[in-house]
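Taking it in order: structure first as structure tokens, then the write-up.
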Amino acid sequence: MALQITESCGIFCVHGTLNLNNATILRRHISRYLGSDRRIVINLERISKIDANGALALQQLYDFALKHNRTLTILGSTNEQVFSALNKANAMYILGAHHA
């Protein structure tokens, strides 16, 4: 399944496969919103597959939010695909993290 991003009230639900082919799309899309003072939530519960590039894109978004004092929450710890990919990338710290 291709990557699909839906948004409602600052909650971005990501569906499908997050990989080398589309990780940049997710990063660019979310980065546009992180430039504002809006609170952003990324829900990864509907990700069917994620590779190291997808995990890296999420880490980069997290690092951007931290550096620019933005509020970002990443949800997905109950999704085994997400949990496994972030664990392999040593990026578990980004799940559920809030920054203001």
Side-chain angles (χ1 to χ4, degrees):
M1 173 184 222
L3 185 70
Q4 181 181 29
I5 306 166
T6 58
E7 188 266 338
S8 178
C9 301
I11 300 173
F12 293 84
C13 294
V14 184
H15 309 259
T17 301
L18 181 56
N19 59 26
L20 172 66
N21 298 323
N22 57 28
T24 301
I25 294 167
L26 174 70
R27 197 174 63 246
R28 285 181 184 161
H29 184 77
I30 301 297
S31 292
R32 287 185 289 184
Y33 295 93
L34 281 173
S36 69
D37 289 334
R38 291 177 57 185
R39 180 177 185 268
I40 302 296
V41 176
I42 302 173
N43 184 337
L44 304 173
E45 295 297 336
R46 294 188 179 170
I47 289 287
S48 57
K49 291 182 184 175
I50 180 172
D51 69 5
N53 296 289
L56 178 61
L58 293 167
Q59 265 186 297
Q60 290 170 337
L61 287 168
Y62 174 88
D63 292 342
F64 180 89
L66 183 62
K67 182 178 178 180
H68 296 283
N69 204 28
R70 300 293 186 223
T71 303
L72 173 66
T73 304
I74 300 174
L75 306 174
S77 61
T78 61
N79 181 319
E80 184 58 39
Q81 295 290 320
V82 172
F83 187 88
S84 178
L86 292 179
N87 194 33
K88 286 178 186 175
N90 293 321
M92 291 298 295
Y93 63 93
I94 70 173
L95 286 177
H98 304 275
H99 291 285

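Taking 4.5 Å as the limit, every side-chain heavy atom of T24 sits out of range of all side-chain heavy atoms of N53. When side chains are defined from C-beta on, I94 counts as touching I74, because their heavy atoms get closer than 4.5 Å. At least one side-chain heavy atom of L58 sits less than 4.5 Å from a side-chain heavy atom of L18. Residues L44 and Q81 form no side-chain contact, since every pair of their non-hydrogen atoms from C-beta on lies 4.5 Å or further apart. Side-chain contact between T6 and H15 is present, with heavy atoms from C-beta onward closer than 4.5 Å.
Interatomic distance, OG of S77 versus CG of N87, reported as 12.0 Å (0.5 Å rounding). Within the model, atoms NE2 of H68 and CG of D63 stand 10.0 Å from one another, a figure rounded to the nearest 0.5 Å. One finds the SG atom of C9 at 11.5 Å from the CZ atom of R39 (value rounded to the nearest 0.5 Å). The distance from the CD atom of Q4 to the CD1 atom of I47 is 10.5 Å, given to the nearest 0.5 Å. One finds the OH atom of Y62 at 10.5 Å from the OG1 atom of T73 (value rounded to the nearest 0.5 Å).
Heavy atoms only, all atoms of each residue included: I50 and A85 are closest at CG2-CB, 3.4 Å. Across all non-hydrogen atoms, the minimal contact from A55 to A89 is CB-CB, 4.0 Å.
R32 CZ: more than 12 foreign heavy atoms inside a 6.0 Å radius.
Listed by chain and residue number, Y93 satisfy the side-chain hydrogen bond (donor to acceptor under 3.5 Å, both in side chains) test with Q59 (two or more places apart in sequence, or in another chain). In this view, F12 and I5, E7, H29, I30, Y33, I40 satisfy the side chain to side chain contact (heavy atoms under 4.5 Å, CB included) rule, not counting sequence neighbours. For S31, the side chain to side chain contact (heavy atoms under 4.5 Å, CB included) criterion is met by R27, L61, not counting sequence neighbours. Remark: T78 pairs with E45 by the side-chain hydrogen bond (donor to acceptor under 3.5 Å, both in side chains) rule, at least two apart or across chains.
Screening residues 51-61 for salt bridge (Lys or Arg N to Asp or Glu O under 4.0 Å), with sequence neighbours left out, gives no hits. Within the structure, ring pair (Phe, Tyr, Trp, His ring centres under 6.0 Å) contacts touching residues 38-57 (residues at least two apart or in different chains) do not occur.
L20 and L26 are assigned to two separate hydrophobic clusters, defined by single-linkage of ILVMFWY side chains at heavy-atom distances under 4.5 Å. Taking hydrophobic clusters as Ile, Leu, Val, Met, Phe, Trp and Tyr residues chained together by side-chain heavy-atom distances below 4.5 Å, L56 does not share a cluster with F64.
The hydrophobic cluster containing V41 also includes I11, L75, under a criterion of side-chain heavy atoms closer than 4.5 Å among ILVMFWY residues, counted directly or through chains of members.
The backbone N or O of T17 lies less than 3.5 Å from a partner atom in the side chain of N22, making a donor-acceptor pair.
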